[in-house]
Amino acid sequence: MPPRSPDPLPAAVLAGGLGTRLRPLTHATPKVMVEVNGKPFIHYPLRMLARRGIRRVVLCLGYRGAEVEAYVADGTRFGLEVAYSYDGAPGDGTLRGTAGAIRQALPLLGERFWVMNGDTYLDTDYPAIHRHYLRNALENLVVVYRNRNRGWPSNVALGADGRCTYRKASPTPEMEHIDAGAAILTAAAIRSGGDEPSLSVLYESLGACGALAAYEVAERLYEINTPAGLRRTTRHLERLSREESPCL
């Protein structure tokens, strides 16, 4: 009998960026609402998270966030309970950065929660990662994927003790992994960053003091940050829709 999954953590999904690398597609459309095989991209990660046992999502919105909220609504049709946190008042254009968006959403998240990139699709065993997190009494954990010359800049080095170091701006040669767009964090870690706007800088700080663990997954991540990434992700989701249509 497989181990019982712990009660699922809420997930903060970052979906407020400007999507500048996808312009002109994002001139008048939020990045997570860019169409992929006839549906807004956000449809796919939300359906996947529900299938993987996540029950409650807080969408952290910014640029044209009202359009995302109008589409997702209360999350019922995705099998989720969805709440919303805006970077500033809806529509005012204020963006606090990735860490700032999570800080804004803390009242809706509690003391421990998933953080996920809304422009990333990583279909993996989230309950297994959560069990590992609890079994090892971890505080902060980032999910990583071995880059294998995929063309992304590696930014994570794994240590023998399960801890990791993280450097986005200045990676070192021993860094063979990439942040896969998902993490389990504590509210205390977010608060410890003060007004720091960037999650990547917070991860660097946590890694430097031995407070960041890593969990390596075998599943390839997909993203829509660039036109090339969007094309790859579109092909992948199109293939999945043919093979597993009830899930998509």
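What you are looking at is a predicted structure, and each value in this text was computed from that prediction instead of being measured.
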Evaluate the side chain to side chain contact (heavy atoms under 4.5 Å, CB included) criterion for residues Arg232 and Arg220: first the C-alpha distance (whole Å), next the side-chain angles of each, then the deciding distance (0.1 Å), finally the verdict.
CA-CA 11 Å; Arg232 283 190 294 268; Arg220 185 195 192 282; 3.7 Å; yes
Path from Val32 to Leu46 over hydrophobic side-chain contacts below 4.5 Å
yes
By ring pair (Phe, Tyr, Trp, His ring centres under 6.0 Å), which residues pair with Tyr126, not counting sequence neighbours?
Trp114
Can you tell me how far apart OG1 (Thr98) and CG (Asp87) are? Round to the nearest 0.5 Å.
9.5 Å
Go through the steps for Thr233 and Phe41 under the test side chain to side chain contact (heavy atoms under 4.5 Å, CB included), then give the verdict.
CA-CA 10 Å; Thr233 300; Phe41 174 74; 3.8 Å; yes
With heavy-atom distances below 4.5 Å as the criterion, would you say the side chains of Tyr86 and Gln104 are in contact?
no
Strictly distance-based, threshold 3.5 Å: is any side-chain N or O of Arg112 a donor or acceptor partner for the main-chain N or O of Leu185?
no
Is there a path of hydrophobic side-chain contacts, each under 4.5 Å between heavy atoms, that joins Leu14 and Val82?
no
Does any non-hydrogen side-chain atom of Tyr215 lie less than 4.5 Å from one of Tyr133?
no
Ala105 versus Val58, closest heavy-atom pair with distance
CB-CG1, 4.1 Å
Show your reasoning for whether side chain to side chain contact (heavy atoms under 4.5 Å, CB included) applies to Val142 and Cys164.
CA-CA 9 Å; Val142 63; Cys164 69; 3.9 Å; yes
Rounded to the nearest 0.5 angstrom, the CD1-CG distance for Ile184 and Leu134 is 7.5 Å
Heavy atoms of Lys31 and Ile224 approach each other most closely as O-CD1, 3.5 Å
Under a 3.5 Å cutoff, is there a donor and acceptor pairing between the side chains of Thr124 and Glu219?
yes
Do Leu9 and Phe78 share a hydrophobic cluster, counting only Ile, Leu, Val, Met, Phe, Trp and Tyr and linking them when any side-chain heavy atoms are less than 4.5 Å apart?
yes
Can you sort out the partners of Arg64 under side chain to side chain contact (heavy atoms under 4.5 Å, CB included), two or more places apart, ordered by chain and number?
Ala28, Pro30, Glu67
Non-hydrogen side-chain atoms of His132 and Leu141 separated by less than 4.5 Å:
yes
Could you tell me which residues satisfy ring pair (Phe, Tyr, Trp, His ring centres under 6.0 Å) with Tyr84, sequence neighbours excluded, listed by chain and number?
none
Any heavy-atom pair between the side chains of Leu59 and Glu69 that's under 4.5 Å?
no
Any side-chain heavy atom of Tyr121 within less than 4.5 Å of one from Val36?
no
Leu49 vs Val13 side-chain heavy atoms within contact, under 4.5 Å:
yes
Looking only at non-hydrogen atoms, find the nearest pair between Asn140 and Ala189 and report the distance.
OD1-CB, 3.3 Å
Should the heavy atoms of other residues, nucleotides or ligands under 6.0 Å from CG of Asp161 be counted, would the total exceed 12?
yes
Working to the nearest 0.5 Å, report the span between NE2 of His43 and CG of Asn37.
10.0 Å
Rounded distance (nearest 0.5 Å) linking atom CZ of Arg52 with atom CG of Asp125
5.5 Å
So, using side chain to side chain contact (heavy atoms under 4.5 Å, CB included) as the criterion, who are the partners of Glu81 when residues are at least two apart?
Arg56
Joint cluster assignment, Leu80 & Leu108, ILVMFWY side-chain distance < 4.5 Å:
no
Evaluation steps, side chain to side chain contact (heavy atoms under 4.5 Å, CB included), between Glu216 and Leu158:
CA-CA 9 Å; Glu216 182 179 359; Leu158 304 189; 4.0 Å; yes
Residue from Leu122, Asp179, Val156 passing side-chain contact (heavy atoms from CB on, under 4.5 Å) with Val143:
Leu122
Side-chain touch Leu138/Arg163, heavy atoms, less than 4.5 angstrom:
yes
Residues at least two apart in sequence or cross-chain that pass side chain to side chain contact (heavy atoms under 4.5 Å, CB included) with Ala187, listed by chain then number, are Leu106, Glu111, Phe113, Arg191
Look at atom CZ of Arg167 and say whether more than 12 heavy atoms of other residues, nucleotides or ligands are closer to it than 6.0 Å.
no
Can you tell me how far apart CG (Asp119) and CG (Asn225) are? Round to the nearest 0.5 Å.
4.0 Å
Locate the shortest heavy-atom distance separating Met33 from Pro40; write the atom from each residue and the value.
SD-CB, 3.7 Å
Please report the shortest heavy-atom distance between Arg77 and Tyr71, naming the atom on each side.
NH2-O, 2.7 Å
Quick one: NE2 on His236 to CG on Asp123, what's the gap to the nearest 0.5 Å?
7.0 Å
For the side chain of Arg103 and the backbone of Glu196, is there at least one donor-acceptor N/O pair under 3.5 Å apart?
yes
Which donor-acceptor pairs under 3.5 Å do side chains of residues 197-214 form with protein atoms, sequence neighbours excluded?
{"from": "Ser198", "atom 1": "OG", "to": "Ser200", "atom 2": "N", "distance (Å)": "3.2"}
{"from": "Ser198", "atom 1": "OG", "to": "Ser200", "atom 2": "OG", "distance (Å)": "2.7"}
{"from": "Ser198", "atom 1": "OG", "to": "Val201", "atom 2": "N", "distance (Å)": "3.4"}
{"from": "Glu204", "atom 1": "OE2", "to": "Lys168", "atom 2": "N", "distance (Å)": "3.3"}

Side-chain heavy atoms of Cys60 within contact of Ile102, under 4.5 Å
yes
